[in-house]
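Treat the numbers as computed from the prediction; the structure is a model and nothing was measured. In listed order, ligands and their atoms are each counted from 1.
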Amino acid sequence: MATSKNKSTSTKKNGNTWSGRFDEPVSELVQRYTASVGFDRKLAEYDIEGSLAHAWMLSGAGIINADDLAAIESGLGRIRDEIRSGEFIWLLELEDVHLNIEKRLTTLIGDAGKRLHTARSRNDQVATDVRLYLRAAIDNIIRLIHGLQRALLDLAEQHVDTVMPGFTHLQVAQPVVFGHHLMAYFEMLRRDVERLSDCRKRVNKLPLGAAALAGTSYPIDRKAVAQRLGFEGICENSLDAVSDRDFAIEFCADAALIMTHLSRLSEELILWMNPSFGFIDLADRFCTGSSIMPQKKNPDVPELVRGKTGRVNGHLVALLTLMKGQPLAYNKDNQEDKEPLFDTVETLTDTLRIYADMLTGVRVNQDAMRNAAMRGYATATDLADYLTKKGLPFREAHEAVATAVRFADRSGRDLSALTLSELQEFSRLIDSDVYAVLTLEGSISSRGHIGGTAPAQVRAAIRRARKWLS
Ligand code: ARG
């Protein structure tokens with residue numbers, strides 16, 4: 001008896017909640033290795049919110065009394081203040097955010113604090129915290145995407161008539177207006193918002209009540225807790241509730257796509273800023289110089305966005321890999337979900353914030369864009385279409401125009417600079433009305449269907465986009 005009492009006192013010194021079952025404390029290295037408080041303290045506000053809802057439900061169900069509830073509420077309120085002000089002392093030996101807060105609560109209010117964990121486990125507690133955290137993050141990210149979309153619309157609106165070469169294979173293909181090009185990114189981001197909103201529905205389910213894995217023998221009211229915490233429903237299977245992190249994986253996949261979209265835009269900004277293109281200039285505050293080459297202005301911010309996309313993609317793979325070998329239900333592996341998830345949220349949030357600001361500082365060199373479109377025989381397809389409309393089968397028209405382009409290229413001129421008789425060498429069907437389709441404006445305005453690059457259509461697309469945003 002005496003020995004076991006001694007043992008229990010000595011392990012208690014180690015501070016572990018489960019110390020009664022163990023003969024020796026963990027080593028310092030194991031403690032450091034298994035602790036998550038260094039990063040999961042980010043969940044503190046959500047942990048407190050979840051605990052308040054749980055305590056409120058416990059009291060409503062008669063599992064704890066009203067005095068206990070009042071003590072828990074005031075204690076958790078005080079802890080929240082301590083955390084916000086930075087006074088709270090986080091202890092590694094208390095392992096994680098949950099045990100740190102619970103221990104402090106017990107110090108502050110005594111036994112009532114110890115009753116808070118009735119009908120609950122850290123397994124359903126942490127799953128709840130992560131979902132609350134991610135729900136708030138998604139709402140903020142959607143708001144930031146909307147901001148970026150507004151910045152795109154503002155820029156697109158200024159460039160509904162700005163002609164640039166559209167590219168395929170990064171070769172000049174057909175003329176488009178810059179506003180149309182920008183609106184392509186608006187569409188990608190619109191789908192990104194849709195994906196996030198859809199993901200939010202699955203994030204917004206309550207795991208609490210699953211307890212360790214099998215549920216609890218107490219008469220809990222999960223629906224009431226869900227309602228109070230703003231969850232749309234409850235996780236219907238207790239084993240699933242504590243073990244799966246598919247909602248976080250799904251979010252990371254959505255985030256990886258958003259970053260991928262922004263990475264493509266970044267690649268374009270970088271190319272366009274290169275003097276060989278000279279299409280745009282970025283505001284100085286998004287660039288740096290070189291310590292050795294005085295002429296340099298480097299597009300650091302878009303380069304970093306491109307680089308950070310790799311990091312976010314990596315987090316997605318990390319979470320998938322984390323999950324793939326886990327038997328049901330909760331395993332400690334899941335503690336490793338947090339750093340990739342937090343870093344994804346933070347990287348994405350910062351990227352979106354910086355991007356909206358960067359787009360407002362884009363200066364466009366319309367002449368450079370136009371000249372580039374002039375140089376690449378961008379209206380060759382228009383000439384082929386012209387011949388086809390006059391009855392020539394498209395494949396023959398294609399061949400005739402290819403020969404004309406070769407001729408124009410040798411004589412160093414654009415198609416629109418060839419004389420009528422020169423053009424007629426390639427097809428008798430060509431008449432003086434051909435020049436209307438050979439100009440950049442002619443080519444652009446002829447693509448006047450929905451989704452086309454004609455300025456009137458781009459204006460209409462911008463109008464629809466503004467409506468969607470409002
Ligand atoms: N820190 C843990 C995590 O993030 C909390 C849950 C711990 N549960 C347990 N049975 N050890 O997953």
Check whether D154 reaches the backbone of A151 with its side chain - one donor and one acceptor, N or O, closer than 3.5 Å. no

*Side-chain (D68) to main-chain (A112) donor-acceptor, under 3.5 angstrom*: no

Interatomic distance, CG@L153 vs CD@Q158, rounded to 0.5 Å, equals 11.5 Å

Per-pair distances, ligand 1 N/O vs protein N/O, less than 3.5 Å:
residue, atom, partner, partner atom, Å
ligand 1, 1 (N), S36, OG, 3.4
ligand 1, 1 (N), D96, OD2, 3.0
ligand 1, 1 (N), Q335, OE1, 2.8
ligand 1, 4 (O), K338, NZ, 2.6
ligand 1, 8 (N), N123, OD1, 2.9
ligand 1, 10 (N), N123, OD1, 3.1
ligand 1, 11 (N), R122, NH2, 3.4
ligand 1, 12 (O), Y330, OH, 2.3

Residue pairs passing the side chain to side chain donor-acceptor pair (under 3.5 Å) test with at least one member in residues 247-260, sequence neighbours excluded, are R202-E250

Practice item. Determine, for F231 and R131, whether the Lys NZ or Arg CZ falls below 6.0 Å from the six-membered ring centre while staying within 45 degrees of the axis. Key: no

* Asked: Do N331 side-chain atoms and A329 backbone N/O form a donor-acceptor pair below 3.5 Å?
  -> yes

